[in-house]
Amino acid sequence: MDARIMAAQWALSRDLVAFGGVPVAAGEELLGVLTLNLTRGRLPQGGDRTLLPSFAAQAAVAMRNARLFADNTRLYEEARQRLRELQDTQVQLLQAGKLSAVGQLVSGVAHELNNPLSVVIGYGQLLLSRGVPEDARRPIEAIVGQGARMAKIIQSLLLFSRQRKPERRPVDLRDVIPQILNLRETQLAVSGIRVETAFGADVPRAEGDAHQLQQVVLNLILNAEQAILGSGVGGRRTGDHIRITTSARRMGEATRVIVQVADNGPGIPAAVLPRVFEPFFTTKKVGEGAGLGLSVSYGIVEQHGGRLSVESEPGRTVFTLELPAATSGDPEAGAAAERAGAPGRVAALGRGRRVLVVDDEPAIVELVTTVLDDQGWRVDVASGGRAALERLQQTRYDLVLSDVRMPEGDGADFYRAAVAQQKELAQRFLFMTGDTANEDAWRVLQSTRAPVLAKPFTPRALLHAVEQVSA
């Protein structure tokens with residue numbers, strides 16, 4: 001007896017002495033065998049031979065239908081999964097479109113605000129440097145300080161609206177974290193959430209892209225804020241706080257920079273904890289988040305060769321960001337010392353030399369003229385590219401300071417025309433702009449490779465940039 005149909009020992013133990021078998025088939029495919037087992041004393045009847053094939057045919061139909069049902073169910077579930085993925089992609093595209101629109105709005109607003117901010121901060125610092133009565137000094141210092149605060153907020157927004165390829169360089173997280181907190185300062189205060197920072201001593205710079213790391217830090221702070229407020233434990237509850245710390249850790253021959261963001265929210269349930277970095281996974285209500293912040297941050301950190309992890313218990317959650325320490329030198333090292341002595345050196349450089357200032361903002365032109373005139377420069381001005389080119393045809397200049405976006409052609413066109421007339425200006429050209437997030441402005445800066453002074457700028461920053469270009 002074929003053991004695939006019936007084991008002989010098993011049949012004899014049950015007094016089965018005869019059986020009949022009929023194949024169960026769907027077309028040419030064998031699905032199984034239907035058997036009729038007979039005990040001792042029972043002989044096959046004629047009806048058995050008739051009923052057995054009939055039952056086998058019905059079984060084949062039932063098995064084929066069951067298989068079709070299983071296949072249809074699988075296809076249905078796959079279709080539902082594809083639909084969910086399509087809907088998630090649509091949400092992501094919609095969010096990307098919104099972010100793009102916000103970026104364009106921020107770019108335009110920043111351009112309009114950075115010019116007057118340059119004037120406010122610039123003239124405020126000029127007044128302070130020339131000596132003012134003590135009763136006027138504090139109000140002027142307050143004006144300059146608040147102007148600088150506004151400038152930092154605008155700069156932070158511009159950093160997030162930029163669309164550029166990542167650039168790896170040393171990044172000081174002690175600068176990154178305060179920039180992000182400036183963005184959330186008011187909202188955190190309104191929500192009654194106190195933020196504590198503790199920056200460890202001798203923490204090296206991290207190796208990475210500053211813009212992407214700002215996004216990671218912002219996402220972690222937002223997550224902590226929402227964890228406190230969304231749980232129902234926030235809202236002016238005494239003691240709500242977020243604590244951000246930095247430290248360094250040696251791992252063999254390498255050094256890792258550690259940032260921890262801790263909150264005293266309700267904690268993450270153990271069942272949810274393994275999924276917090278999954279794309280589109282969120283415990284928020286519909287419309288409160290797409291579940292992308294932590295997953296995007298996780299991907300950025302992985303690309304940086306770092307690690308993002310989380311630990312949680314009731315009443316405390318800690319996200320830990322680990323990044324490789326920078327091995328290259330600090331490009332800003334010594335810059336502060338150089339700037340400290342800049343005015344005297346620029347005064348020596350400027351005596352008897354001529355500079356052309358090109359900008360359509362009269363207040364900016366007046367500020368730059370005042371600062372450079374004090375350092376001995378002979379300043380000519382033009383409101384646009386056409387007027388500036390006419391100046392260049394008549395006079396040779398030692399330096400050109402130009403805005404990027406002008407009524408009569410962009411900065412790139414003016415730069416090329418100016419260098420065509422006076423070739424030495426290729427190394428004596430300095431752009432000024434308050435719109436480095438704008439795609440067109442960024443292409444101009446990339447194509448010319450000329451140095452740029454970002455608005456709003458201080459008189460000292462202007463003099464330092466002039467010294468670097470004209471030395």
Side-chain angles (χ1 to χ4, degrees), residues 106 109-159 172-190 194-199 214 244 332-347 350 357 359 361-377 379 401 430 432-436 452-468:
V106 167
V109 170
H111 182 260
E112 296 303 318
L113 288 179
N114 278 330
N115 281 327
L117 273 177
S118 292
V119 176
V120 170
I121 296 172
Y123 277 119
Q125 290 192 345
L126 282 178
L127 286 173
L128 292 173
S129 68
R130 293 176 178 179
V132 293
E134 194 59 35
D135 58 346
R137 172 173 289 276
R138 292 192 63 184
I140 295 174
E141 288 176 342
I143 291 171
V144 172
Q146 292 303 307
R149 179 185 175 191
M150 291 175 62
K152 288 180 181 179
I153 293 173
I154 293 171
Q155 183 64 21
S156 297
L157 290 171
L158 284 174
L159 288 172
D172 193 339
L173 293 172
R174 293 172 300 181
D175 295 333
V176 169
I177 293 169
Q179 287 177 342
I180 302 307
L181 291 176
N182 283 337
L183 290 175
R184 302 301 302 166
E185 181 179 16
T186 301
Q187 185 59 48
L188 288 166
V190 169
R194 179 168 46 89
V195 179
E196 302 172 359
T197 58
F199 299 147
Q214 280 195 328
I244 305 172
E332 294 296 322
E338 291 180 4
R339 284 192 291 268
R345 290 197 297 271
V346 176
V357 178
D359 201 302
E361 285 280 345
I364 289 289
V365 171
E366 185 176 345
L367 172 66
V368 173
T369 300
T370 301
V371 173
L372 294 182
D373 185 67
D374 284 350
Q375 303 300 320
W377 287 86
V379 184
L401 274 69
L430 175 64
M432 306 178 292
T433 182
D435 195 14
T436 55
V452 59
L453 175 64
K455 299 175 183 177
F457 51 76
T458 64
R460 187 173 294 276
L462 170 62
L463 293 176
H464 177 66
V466 167
E467 180 197 10
Q468 294 295 102

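All values derive from a computational prediction rather than experimental measurement.
Once rounded to the nearest 0.5 Å, the distance linking CG of L453 with CD of Q468 reads 11.5 Å. The CD atom of E467 lies 9.0 Å from the CG atom of L463; values are rounded to the nearest 0.5 Å. The distance from the CG atom of L462 to the OG atom of S118 is 9.5 Å, given to the nearest 0.5 Å.
The side-chain heavy atoms of I121 and I143, taken from C-beta on, include no pair separated by under 4.5 Å. Annotation: side chain of L181 is in contact with side chain of I244 (closest heavy-atom distance under 4.5 Å). Annotation: side chain of L117 is not in contact with side chain of K455 (no heavy-atom distance under 4.5 Å). Within the 4.5 Å cutoff, the side chain of F457 has no heavy atoms near those of the N114 side chain.
The side chain to side chain donor-acceptor pair (under 3.5 Å) test applied to R174 returns D172, not counting sequence neighbours. Partners of Q146 by side-chain contact (heavy atoms from CB on, under 4.5 Å), not counting sequence neighbours, listed by chain and number: R149. Remark: A148 pairs with no residue by the side-chain contact (heavy atoms from CB on, under 4.5 Å) rule, at least two apart or across chains. Residues that satisfy the side-chain contact (heavy atoms from CB on, under 4.5 Å) test with E361, not counting sequence neighbours, are N115, D359, I364.
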Donor-acceptor pairs are to be reported for all side-chain atoms of residues 365-372 against protein atoms at under 3.5 Å, with residues two or more places apart or in another chain.
residue : atom : partner : partner atom : Å
T369    : OG1  : V365    : O            : 2.7
T370    : OG1  : E366    : O            : 2.8

Pairs of donor and acceptor atoms involving the side chains of residues 125-142, under 3.5 Å and at least two apart or interchain, shall be tabulated with distances.
residue : atom : partner : partner atom : Å
S129    : OG   : Q125    : O            : 3.4
S129    : OG   : L126    : O            : 2.7
R130    : NH2  : D374    : OD2          : 2.4
R137    : NH2  : L128    : O            : 3.4

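Considering all non-hydrogen atoms of both residues, D373 and V379 come closest at N-CG2, 4.3 Å. When all heavy atoms of A151 and P456 are compared, the pair lying nearest together is CB-CG, 3.4 Å.
Within the structure, no pair that satisfies the salt bridge (Lys or Arg N to Asp or Glu O under 4.0 Å) test touches residues 113-125, not counting sequence neighbours.
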Derivation of the side chain to side chain contact (heavy atoms under 4.5 Å, CB included) call for V452 and L430:
CA-CA 6 Å; V452 59; L430 175 64; 5.8 Å; no
